[in-house]
Enquirer: 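Okay, here's the structure, questions in a sec.
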Amino acid sequence: MAGGERPLVRVRGLRKSFGGNVVLDGVDLDVREGEVTVLLGPSGSGKSTLLRCVNHLETPDAGFVEIGGDIVGYHQNGARLHALRSRAVTRQRAQVGMVFQQFNLFPHMTLLENITEAPVAVRRLPRKQAAARARELLERVGLGSREDSYPRQLSGGQQQRVAIARALAMEPRLLLFDEPTSALDPELVGEVLAVIQDLALGGMTMIVVTHEIGFARKVADTVVFLDGGRIIESGPPADVLTDPRHERARSFLAAVL
Amino acid sequence: MTQYDTPGRSVTAPGTAPPESGPEPPDPGPEQAAADQAPPLGLHTEPSDKDLLAARLVPARHPGQWLSAGVVLVLFAMLVHTVVANHRFQWPVVGDYFLRGSIMHGLELTLWLTAAVMATGYLLGIGIAAMRLSGNPVLRGLSFGYVWLIRSVPPLVQLLFWYELASLYPRLSVGIPFGPEFADFRTAHLFSGILAAYVGLSLDVAAFAGEIVRGGILAVDPGQREAARALGLGEGRIFRRIVLPQAMPAIVPASGNLLIGMLKATSIVSVIAVQDLLYSTQLIYNQNFLIMPLLMVATLWYIVLTTLLSIGQFYVERYYARGRDRQGRPPARGLWQVARANIPLFGRVAGPGPVGL
């Protein structure tokens with residue numbers, strides 16, 4: 001790893017298409033340690049795909065994602081990049097937490113089992129220790145008394161908070177949020193955003209795809225605006241959100257606000 | 001409709017209510033007003049809300065249901081009567097042979113053959129499902145071809161094929177493909193009837209189990225696998241801990257069906273002289289010609305076993321239903337309540353319509 005100024009996440013020349021549909025068309029992005037980057041843009045602009053490439057849930061057609069100096073999904077050997085076997089990809093993914101729009105909690109497991117599954121299986125934590133940590137995390141997201149509940153007994157907002165606790169249990173260096181509040185009833189959005197904001201204050205590095213402009217303004221260090229698979233605007237929220245230079249960004253903000 | 005809900009209407013409207021006139025539908029407004037004045041119930045007056053609230057609910061009558069139930073019960077009683085009263089069934093003989101030693105041995109063989117066939121078949125079946133769902137086109141094609149072939153050939157033919165394998169391949173050898181051989185042996189001694197039955201039926205079950213498992217896996221939300229991947233879980237663990245448990249509610253009922261079907265299908269081994277439950281009774285009735293009573297012995301045993309398996313299936317399904325409802329617990333209904341709800345003779349319990357398992 002190079003000097004302290006090297007960003008934790010570096011995305012360079014990222015391209016991805018599905019069939020003939022170009023979703024990412026050469027994206028460069030830096031995310032520094034402890035920073036919150038919010039991705040904005042109309043649907044189909046490539047935000048989610050970019051996020052999923054960072055976690056190697058999608059394999060890019062060209063370009064690379066580097067996290068902490070390691071190329072995601074590949075092993076560099078001179079002029080070649082060798083695709084990693086699934087076990088090694090798994091190890092890389094363990095450093096990156098992801099929270100999904102549809103929560104994707106495991107419905108057949110209690111909240112405690114949901115949270116302890118990966119630490120026990122991947123980080124080899126003793127079950128007792130993992131459970132103690134899980135209880136702490138549930139406490140932190142305001143669900144301390146519900147460890148034996150099943151996900152379906154919770155509201156959407158509560159489920160999403162558990163999903164965040166589950167991601168945190170892996171002690172990730174980076175957290176990815178893919179529209180974490182889009183599937184929620186309006187009155188439940190606040191409780192989830194509050195947890196994310198809390199994490200930002202704690203110095204967690206995060207990339208958040210969202211349509212919550214107010215949240216972006218308050219929490220983001222950098223707002224990135226995507227359209228048609230390219231970054232058309234990027235900078236501090238004060239600049240990008242109040243005075244966007246690009247016409248597409250302006251019309252999107254006008255429509256959302 | 002909205003007017004009906006507006007309290008303002010009912011306060012301002014009294015007095016303006018026109019007398020009700022026949023079938024012509026009145027405005028919602030005046031209707032509400034009339035209700036507030038609570039006129040006495042009559043043929044041509046609108047009932048008030050108070051009257052409606054106080055009214056007794058009378059369930060709809062279904063004379064057709066009573067009639068059809070009566071007819072079916074009479075037919076059922078007639079059936080039971082002919083079976084019990086017909087002395088040609090020779091029930092005392094059935095009783096004599098029911099626990100006979102050779103029958104017990106046949107029963108034992110049927111049980112463990114079914115267990116072994118199902119266990120092997122499902123292990124292979126999970127593999128076949130995994131191959132079919134894998135990214136490797138050769139494995140996918142192979143799995144598809146296997147299922148196609150096995151499902152096309154009657155199990156009886158498969159059984160005979162393995163039993164008669166020696167006539168096709170008199171010798172089998174171990175060695176490098178298309179190269180030198182290290183050892184060889186004659187197949188004539190390889191496949192006894194029981195081994196042919198085990199192999200043939202296992203391979204048959206594998207094809208069907210593969211399809212059942214594949215269907216169950218496809219029913220699991222892809223987001224589940226994705227979330228597990230994002231947590232860094234390995235593919236094997238994802239399959240065992242995340243995908244398979246969630247596929248089980250779809251797999252269990254079909255598998256119960258297959259298991260019960262196989263319990264009875266093992267009776268085809270009687271054609272290659274394997275002494276299962278059915279063949280044991282056949283051996284006896286070939287000597288004493290008490291054909292019907294001995295077939296009844298076999299039948300009753302199959303009924304007993306199927307009943308036990310159905311009860312087992314109920315509990316397995318209930319186990320995998322955990323976390324599926326809002327209370328998070330499986331439905332608190334015991335087997336007895338479910339049975340009662342489905343047997344009209346004992347009267348119905350809570351809820352309309354038959355209660356599913």
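Keep in mind it's a predicted model, so treat the numbers as computed, not measured. No hydrogens, no waters, no symmetry mates; every other heavy atom, side chains included, goes into these values. Quick note on labels: first sequence line is chain A, next is B, and so on, each numbered from 1.
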Enquirer: So does A:Arg140 have more than 12 non-hydrogen atoms from other groups sitting under 6.0 Å from CZ?
Expert: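 No, because the 6.0 Å sphere around CZ of A:Arg140 holds 12 heavy atoms or fewer from other groups.
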
Enquirer: By a 4.5 Å heavy-atom criterion (distance strictly below it), what part of A:Arg166 contacts chain B: side chain, backbone, both, or neither?
Expert: both

Enquirer: Among A:Gln102, A:Met109, A:Met98, A:Arg87, which residue has the highest count of heavy-atom pairs closer than 4.5 Å to chain B?
Expert: A:Met109

Enquirer: Need one label for A:Phe106: side chain, backbone, both or neither, based on atoms under 4.5 Å from any heavy atom in chain B.
Expert: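 Both backbone and side chain.
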
Enquirer: Any heavy-atom pair between the side chains of A:Thr210 and A:Lys47 that's under 4.5 Å?
Expert: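 Heavy-atom side-chain distance check fails, nothing below 4.5 Å.
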
Enquirer: Could you tell me which portion of A:Leu105 (side chain, backbone, both or neither) has an atom closer than 4.5 angstrom to a non-hydrogen atom of chain B?
Expert: backbone

Enquirer: Just do the side-chain hydrogen bond (donor to acceptor under 3.5 Å, both in side chains) check on A:Asp148 and A:Thr110 with the steps written out, would you?
Expert: CA-CA 5 Å; A:Asp148 290 326; A:Thr110 63; 4.9 Å; no

Enquirer: Given a strict heavy-atom distance threshold of 4.5 Å, which part of B:Arg237 is in contact with chain A: side chain, backbone, both, or neither?
Expert: side chain

Enquirer: Is it true that B:Arg229 and B:Glu235 make a salt bridge, defined as a side-chain N closer than 4.0 Å to a carboxylate O?
Expert: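 So B:Arg229 pairs with B:Glu235 through a salt bridge.
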
Enquirer: Counting C-beta onward and ignoring hydrogens, is there a side-chain heavy-atom pair between A:Arg32 and A:Pro7 closer than 4.5 Å?
Expert: yes

